Each structure stands twice: as C-alpha cells, then as structure tokens.
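Take a look at the structure below.
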Amino acid sequence: MEVFVSRRLPREGLAALAQAGACSIQQWDSDEPVPRAELLAGVAGKHGLLCLLSDRIDKEVLDAAGPNLKIISTLSVGVDHLALDEIKKRGIRVGYIPDILTDATAELSVALLLAACRRLPEAVEEVKNGGWTTWKPLWLCGYGLSGSTVGIVGLGRIGQAVARRLKPFGVKTFLYTGTRPKPERAVEFQAQFVPLAKLAEESDFVVVTCSLTPGTEGMCNKDFFGRMKKTSVFINTSRGAVVNQEDLHQALVSGQIAAAGLDVTSPEPLPTDHPLLSLKNCVILPHIGSATFATRSAMAVQAAHNLLAGLRGERLPSELQL
Ligand code: NDP
Ligand code: DGY
C-alpha cells in the first residue's frame, strides 16, 4: 500500500504510521502547504491520503489519485475542504478527528472571548507604547460575563464545551441555535433554542462554533450584525466563511457591535493589509484553536490510525458517515 501525507506532522503521527509497517509513505515534509501540482502528482496511484484542512480535496485531486484511493484521513474535525459527494460516489472512506480537539478549541474560544471583551491586546499595547500614564476610571473599559446572556451558534461538541467553561463566569442565560433543538445537550446549561435572529438580538456575547456548510456560509451578515446589541461581542472559532467579513468590518467601524474575536478568517492567512487588522476592537488569531502540543500530537496519531484502518479495510477509530 502507498500513501501520501500532505504536510510535516507531529512526530508521533508519522511514527505511528511508519511503525505499523503497512504502507510506504511519500510525504510533503514541510511546514508550508503542499503546492497544488505536488499534491496532484503525490496522490497519483496512492491507496491512502493524509491531508490537512488547507488542502482542497476536490474532483481534480480524486481524479489524479485514481481508483486505488480507499481512504482519506484528514487532520481536522472540519471537513468543508473535502468534496464529500464526489468522495462518496467513489466509495472512498473518510477519517476525521472529532472529540480529541474539543477541549483545546473550547479553551481558545474562551481565551479569545475574554481577550476581545476585556480588550487585552489593546491594553498590552498601551503598556508598551507609553499610553499607560496613570490609573484612569474610564480607560480601557470593556464588557464582563457576569450576569450576561451568551448565544452559541451550533451547540455541538465544541459549543457545549464552550458553554461548560463559560458557566462558572456567572453567565445568566444561554441561548443556542442549530439545525433543530437538542434538549438533551441543552439541559446542562438550561440553554434555550432560538432562531438565529433572536439569538443575535438577545445575546451580549455570540460564539460561533458551528460547522461550515452551505446552510451556514455567510450566515453572520449585515442583517445578523444589525440585530446585535451595540454593547455585544462576536466570536468566531468555526470557519471564516461563516462570516461576511465586509459586513463585520462595517459593524465594528460603525459601532453596531462593540468588538469581535476571530480565530478563523477567509482567506487564511488574512492579508496583512486587510481592513479588519486595522481595527482596535477586532482581535484576530491565526487559526490556533487546537494548537496545544498534546492535542496536535493526539490528532496526528488518530489521523494515522484512521488511515491505517482504512488501508486494511477495518473499522476506523473515527469515520465520517457519508
Ligand atoms: P459538531 O458537529 O459537534 O458541531 C457542529 C455544530 O454545527 C452542530 O451543533 C450543528 O447543529 C451546527 N450547525 C450545523 N448547521 C447549522 C446551522 N445552519 N445553524 C446553526 N448551527 C448549525 O462539530 P465540532 O463542535 O466538533 O466542530 C465544529 C466546527 O468547529 C468544525 O466543523 C470546524 O469547522 C471548527 N473547528 C475549528 C477549530 C479551530 O482551530 N478554530 C478547531 C476545531 C474545530 P446541530 O447540532 O443542530 O446539527
Ligand atoms: C479543525 O480540526 O477543523 C480545526 O480547524 C483545526 O484543528
């Protein structure tokens, strides 16, 4: 069996693959993304592909791979980079990484929320640039979580883990939205299912943790931000394309919302001259939700195990049901 690995991985992942002795490995051994031409050449004739969320696996890649390909193992829980209909049609199985990265991503979501609502990057900057002249009653004030209403868009694995972490901050009410009410998930937080528009109107903090689908693409737009309170804070740790960034920029510049925190953008990386980067009330991180050493290492091992099980025709540790 032959496999293509599209990036340098945490060493535990490659070791798990190599030690199994089940396949010969061709790897794009770099921290930088594999160029498209190298990806197309690399997958040719392979039985397995271990890819990243930054690799667009579409018809062209599947055609280049040819009929040997049985398993695509992605080093992510998000699968919006995979042409799932096309993959299904060809009988290729997909391994992904739910659960393992939930805690790290929820922790980062909370960190980003606190950074945005308490204006931490601005405050750090003022200490460095001499703006800190004295203790001033009205200076660098933000918004706190105690007694607040938090709206979670997508009360899935990460959404629930975010709510669990925010509850001890004294959040009074949790609202959530999704494809349909999920009372069994909501009971822990006494969270109320509401339509997206009502969530926007009533929340002090909105945290977007849904997956990117045709139904969620561009969902946070002018209408959405227009409904939010002027004192509200918007956080997105899902995928950049869920947000209309021009509309978000306008909402931040005009004071329609107080602040935003984004771990994900469209495109990634965000060009350094992007208008959102010039705003003090917008905190942007480079997609580091799952970036703890332990999580990334466990993700790589799980991706290797998914790949190996797919090559052997066995049950995958975590298979996406197509
Ligand atoms: P889950 O599948 O557990 O949760 C996804 C949620 O999205 C579900 O609750 C689902 O709602 C919701 N959803 C789907 N469609 C809609 C819609 N139209 N409106 C509102 N909600 C919707 O996935 P995870 O929690 O494990 O991961 C979520 C996403 O987070 C991933 O797909 C990925 O894109 C992103 N992610 C980002 C990371 C980062 O580094 N920033 C790290 C890890 C993940 P319902 O339950 O009703 O079906
Ligand atoms: C994912 O897994 O989908 C994240 O975006 C990266 O961990």
Side-chain angles (χ1 to χ4, degrees), residues 7 9-10 13 50-55 57 73-82 84 94-113 151-165 174-186 189 191 193-200 203 206-221 224 235-243 261-266 268-270 283-300 302-303 306 318 320-321:
R7 193 74 69 88
L9 298 177
L50 197 161
C51 67
L52 269 60
L53 57 93
S54 48
D55 303 317
I57 306 302
S73 169
T74 182
L75 189 73
S76 62
V77 66
V79 291
D80 46 280
H81 56 302
L82 306 177
L84 295 177
V94 173
Y96 73 134
I97 318 281
D99 302 317
I100 285 176
L101 42 59
T102 297
D103 285 345
T105 308
E107 184 173 274
L108 189 279
S109 306
V110 172
L112 183 56
L113 187 152
I152 308 235
V153 179
L155 196 64
R157 288 172 290 255
I158 295 170
Q160 292 170 74
V162 168
R164 202 164 289 129
R165 282 160 177 75
F174 284 102
L175 305 175
Y176 75 104
T177 196
T179 53
R180 57 182 193 285
K182 296 280 161 56
E184 71 289 356
R185 295 182 192 170
F189 320 103
F193 182 84
V194 289
L196 185 69
K198 191 166 157 76
L199 182 141
S203 301
V206 171
V207 188
V208 180
T209 65
C210 62
S211 41
L212 173 61
T213 66
T216 62
E217 188 167 0
M219 183 167 77
C220 300
N221 57 15
F224 178 85
I235 303 298
N236 182 21
T237 59
S238 63
R239 285 290 184 267
V242 170
V243 176
L262 312 175
D263 183 44
V264 287
T265 60
S266 183
E268 293 183 359
L270 198 63
V283 181
I284 303 187
L285 302 176
H287 202 148
I288 56 167
S290 62
T292 72
F293 290 112
T295 301
R296 287 286 167 80
S297 163
M299 286 169 68
Q302 180 85 329
N306 278 338
S318 44
L320 186 73
Q321 298 311 319

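These numbers were taken from a predicted model, which means no experiment stands behind them. Counting convention: from 1, in listed order, for ligands and their atoms alike.
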For [atom], find the nearest protein heavy atom and state the residue, atom name and distance (0.1 Å precision).
atom: atom 35 (C) of ligand 1; result: S238 O, 3.6 Å
atom: atom 21 (N) of ligand 1; result: G178 CA, 3.4 Å
atom: atom 13 (N) of ligand 1; result: C210 CB, 3.8 Å
atom: atom 31 (C) of ligand 1; result: V77 CG1, 3.9 Å
atom: atom 32 (O) of ligand 1; result: S211 CB, 3.4 Å
atom: atom 2 (O) of ligand 2; result: V77 N, 2.8 Å
atom: atom 3 (O) of ligand 2; result: R239 NH2, 2.7 Å
atom: atom 16 (C) of ligand 1; result: T216 CG2, 3.4 Å
atom: atom 10 (C) of ligand 1; result: G154 CA, 4.5 Å
atom: atom 33 (C) of ligand 1; result: R239 NH1, 3.5 Å

Polar contact flag for [X] and ligand 1 (N/O pairs, less than 3.5 Å):
X: I288; result: no
X: G156; result: yes
X: T213; result: no

Discussion item. When you compare ligand 2 with S76, is there at least one nitrogen or oxygen pair between them that comes in under 3.5 angstrom?
Written reply: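 S76 vs ligand 2: no N/O contact under 3.5 Å.
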
Can you tell which part of [X] has a heavy atom less than 4.0 Å from ligand 1: side chain, backbone, both or neither?
X: T105; result: side chain
X: D99; result: neither
X: K182; result: side chain
X: T209; result: backbone

N/O donor-acceptor pair under 3.5 Å between [X] side chain and [Y] backbone:
X: D99; Y: T102; answer: no
X: T265; Y: G240; answer: no
X: E217; Y: T213; answer: no
X: D80; Y: S211; answer: no
X: R165; Y: A106; answer: no
X: S297; Y: F293; answer: no
X: T216; Y: V242; answer: no
X: T177; Y: V194; answer: yes

Do you know which two heavy atoms are closest between [X] and [Y], and how far apart they sit?
X: A303; Y: L75; value: CB-CD1, 3.9 Å
X: L112; Y: D263; value: CD2-N, 3.6 Å
X: L155; Y: A186; value: CD2-CA, 4.0 Å
X: M299; Y: L101; value: CE-CD2, 3.7 Å
X: I235; Y: S109; value: CG2-O, 4.2 Å
X: G154; Y: T209; value: O-OG1, 2.7 Å

Check ligand 2 against [X] and write out every atom of the ligand that is under 4.0 Å from a heavy-atom position of the residue.
X: M299; answer: 7 (O)
X: L101; answer: 2 (O), 7 (O)
X: H287; answer: 4 (C), 5 (O), 6 (C)

Using a 4.0 Å cutoff against the non-hydrogen atoms of [X], which atoms of ligand 1 qualify?
X: R180; value: 47 (O)
X: H287; value: 39 (C), 40 (O), 41 (N)
X: S290; value: 40 (O)
X: T179; value: 11 (O), 14 (C), 15 (N), 16 (C), 45 (P), 47 (O), 48 (O)
X: T237; value: 35 (C), 36 (N), 37 (C), 38 (C), 39 (C), 41 (N)
X: R185; value: 9 (O), 46 (O)
X: I158; value: 24 (P), 25 (O), 26 (O), 27 (O), 30 (O), 43 (C), 44 (C)
X: D263; value: 39 (C), 40 (O), 41 (N)

Fill in: Whether over 12 other heavy atoms sit under 6.0 Å from K198 NZ
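Not more than 12 within 6.0 Å, no.
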
Discussion item. Can you tell me which residue among V162, I158, I288 is in a side chain to side chain contact (heavy atoms under 4.5 Å, CB included) with T105?
Written reply: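 So the option named by the test is I158.
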
Worksheet entry | Which segment of L53 sits under 4.0 Å of ligand 2 when only heavy atoms are counted |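 For L53, only side-chain atoms sit under 4.0 Å from ligand 2.
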
Worksheet item: Heavy atom under 4.0 Å from ligand 2: found in S290's side chain, backbone, both, or neither?
Response: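 Answer for S290: side chain.
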
Item to complete: Pick, from R157, H81, M299, the option with the minimum heavy-atom distance to atom 23 (O) of ligand 1.
Response: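 Comparing heavy atoms across R157, H81, M299, the nearest one to atom 23 (O) of ligand 1 lies in R157.
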
Worksheet item: Could you state the interatomic distance from CD1 (I152) to CD (Q160), rounded to the nearest 0.5 Å?
Response: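 If we round to the nearest 0.5 Å, I152:CD1 and Q160:CD are 9.5 Å apart.
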
Worksheet item: T102: heavy atom below 4.0 Å from ligand 1, yes or no?
Response: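 Flag not set, T102 not near ligand 1.
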
Worksheet item: Does R164 come within less than 4.0 Å of D103, counting only side-chain N to carboxylate O?
Response: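 Looking at D103 together with R164, the answer is no, because their closest N to O distance does not fall below 4.0 Å.
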
Worksheet entry | Between T74 and S76: side-chain donor-acceptor atoms closer than 3.5 Å |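 S76 and T74 do have a side-chain donor-acceptor pair below 3.5 Å.
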
Worksheet item: Out of curiosity, is I97 lining ligand 2, as in a heavy atom under 4.0 Å away?
Response: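 The answer is no: ligand 2 sits nowhere under 4.0 Å from a heavy atom of I97.
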
